[in-house]
Number of protein chains: 2
Amino acid sequence: MTTAATPRSLEHPTRAEIRLEGVLHALADPVRLQVVRELAAAEDELSCSYFDLPVTKSTTTHHFRVLRESGVIRQTYRGTAKMNGIRRDDLEALFPGLLAGVLAAADAEAARPSGT
Amino acid sequence: MTTAATPRSLEHPTRAEIRLEGVLHALADPVRLQVVRELAAAEDELSCSYFDLPVTKSTTTHHFRVLRESGVIRQTYRGTAKMNGIRRDDLEALFPGLLAGVLAAADAEAARPSGT
DNA sequence: GCCGTACTACGATGGGTATCGTACAAGCGT
DNA sequence: ACGCTTGTACGATACCCATCGTAGTACGGC
């Protein structure tokens with residue numbers, strides 16, 4: 001029983017609650033930007049464990065939460081896995097072209113020879 | 001004399017040194033985003049003292065430095081004043097459309113009724 | 001030469017946050 | 001039922017950073 005019911009629901013900001021500052025902040029971290037890029041590349045939703053990030057699992061959870069709470073991604077439970085998808089429609093409605101611009105910029109930077 | 005010559009030069013990252021992460025970080029702060037928006041709206045360069053920011057002068061200096069060191073703006077001395085201008089060409093060459101996208105997003109957010 | 005304006009440098013401070021480890025919870029498969 | 005996989009919660013830590021105040025430097029004007 002444990003508590004009768006833990007529907008495992010996740011809090012997401014509504015479209016109106018998404019703040020540009022928060023989105024930019026979320027995207028300003030290299031780990032999170034990598035997640036968003038992979039998520040955007042894959043049309044499907046991806047589980048958290050799909051990603052091979054250079055941090056521990058605790059930190060991974062933290063980053064996914066930042067992305068969710070900033071409104072960049074939507075998370076849903078699917079069994080033991082947690083699926084992640086970009087909130088394209090919401091972001092596009094609020095900030096048209098922003099996501100595409102950032103993703104293009106990330107691609108451009110990744111293609112740069114100074115990729116250390 | 002002081003030291004014979006203090007050309008008052010300011011260090012700017014070269015175009016190749018500009019990092020997307022740094023740019024996004026710079027733009028993720030509300031004070032700095034406000035500066036960039038005003039700077040983009042005005043075609044001319046603007047002095048630091050032109051801006052009416054909700055922080056002290058020390059903090060203002062700090063924010064302008066972050067913008068300069070991230071490669072978003074270019075600063076030049078003009079007498080006692082320090083003029084600021086957006087590095088449009090460099091940003092456009094590196095991340096085409098990014099600046100425009102962020103500025104449009106900022107405008108969109110500012111136009112939102114939930115502007116608290 | 002002096003003063004005022006514009007900006008800077010330095011130090012202090014407080015809050016945010018990226019990171020980790022460990023211990024735990026939830027669900028699936030056998 | 002048991003354990004494995006997946007992800008979470010909590011606490012600790014260390015660093016970054018936005019903010020301030022005060023003192024100081026640079027330059028132009030009087």
Side-chain angles (χ1 to χ4, degrees), chain A residues 1-12 19 21-36 39 45-70 72-85, chain B residues 1-12 19 21-36 39 45-70 72-85:
Chain A
M1 30 83 165
T2 51
T3 337
T6 306
R8 299 260 266 162
S9 61
L10 291 167
E11 291 213 356
H12 290 80
R19 304 258 295 128
E21 181 189 338
V23 172
L24 290 178
H25 180 169
L27 297 177
D29 181 279
V31 174
R32 291 192 290 259
L33 185 57
Q34 177 182 340
V35 168
V36 171
L39 226 41
E45 296 194 329
L46 299 174
S47 70
C48 290
S49 62
Y50 171 89
F51 298 86
D52 186 26
L53 303 174
V55 293
T56 65
K57 261 205 274 195
S58 307
T59 308
T60 298
T61 298
H62 162 70
H63 283 308
F64 274 103
R65 173 160 41 194
V66 172
L67 284 171
R68 171 169 48 85
E69 292 181 344
S70 69
V72 175
I73 68 171
R74 188 176 297 281
Q75 295 188 294
T76 52
Y77 281 109
R78 189 176 183 106
T80 67
K82 196 183 196 174
M83 308 306 291
N84 307 277
Chain B
M1 30 85 159
T2 52
T3 338
T6 308
R8 299 260 266 163
S9 60
L10 291 167
E11 292 214 353
H12 290 79
R19 305 257 295 127
E21 179 190 337
V23 172
L24 290 179
H25 179 161
L27 297 177
D29 181 278
V31 175
R32 291 193 290 260
L33 185 56
Q34 177 182 340
V35 168
V36 171
L39 226 40
E45 297 193 327
L46 298 174
S47 70
C48 290
S49 61
Y50 171 89
F51 297 87
D52 187 26
L53 303 174
V55 293
T56 65
K57 262 206 267 200
S58 306
T59 307
T60 298
T61 297
H62 162 69
H63 284 308
F64 275 103
R65 174 161 39 192
V66 172
L67 285 172
R68 171 169 49 85
E69 292 180 345
S70 68
V72 175
I73 67 171
R74 187 176 296 282
Q75 296 189 295
T76 52
Y77 282 108
R78 189 173 184 106
T80 67
K82 197 181 194 175
M83 307 306 291
N84 307 276

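Chain letters run A, B, ... following the sequence lines, proteins first and then strands; every chain starts at 1.
With values rounded to the nearest 0.5 angstrom, A:R68 atom CZ is found 11.0 Å from A:R74 atom CZ. Atom NE2 of residue A:H25 and atom CG of residue B:L27 lie 13.5 Å apart, to the nearest 0.5 angstrom. Atom OG in A:S49 sits 8.5 Å away from atom NZ in A:K57 (nearest 0.5 Å).
For B:S47, counting side-chain heavy atoms from C-beta on, the closest listed nucleotide (C:dA18, D:dA18, C:dC7) is C:dC7. With D:dT19, D:dA18, C:dC7 as the candidates, the nucleotide lying closest to the side chain of B:R32 is D:dA18. In the set D:dG21, D:dT19, D:dT6, the nucleotide with an atom closest to the side chain of B:H62 is D:dT19.
Nearer the 5' end of DNA chain C, as judged by each residue's closest nucleotide, is the contact made by A:V31, out of A:V31 and A:T80. Place A:V66 and B:Q75 on DNA chain C by their nearest nucleotides, and B:Q75 ends up nearer the 5' end.
Contact annotation: B:T61 does not reach the phosphate of C:dC7 (side-chain N/O to OP1 or OP2, under 4.0 Å). Between A:H25 and C:dT17 there is a side-chain N or O to OP1 or OP2 distance below 4.0 Å. The side chain of A:H63 places an N or O atom within less than 4.0 Å of a non-bridging phosphate oxygen (OP1 or OP2) of C:dT19. Distances shorter than 4.0 Å separate none of the side-chain N or O atoms of B:T60 from OP1 or OP2 on C:dC7. Note on A:R78: every side-chain N or O is 4.0 Å or more away from OP1 and OP2 of C:dG27.
At a cut-off of 3.5 angstrom, counting only N and O atoms as typed in the model, there is a donor on one side and an acceptor on the other between the side-chain of B:S58 and the base of D:dG21.
In this entry the distance linking CZ of B:R65 with P of C:dC7 reads 14 Å, nearest Å. Rounded to a whole Å, the NZ atom of B:K57 is 18 Å from the P atom of C:dC10.
For the residue pair A:S58/A:T61, the side-chain donor-acceptor check at 3.5 Å is not satisfied.
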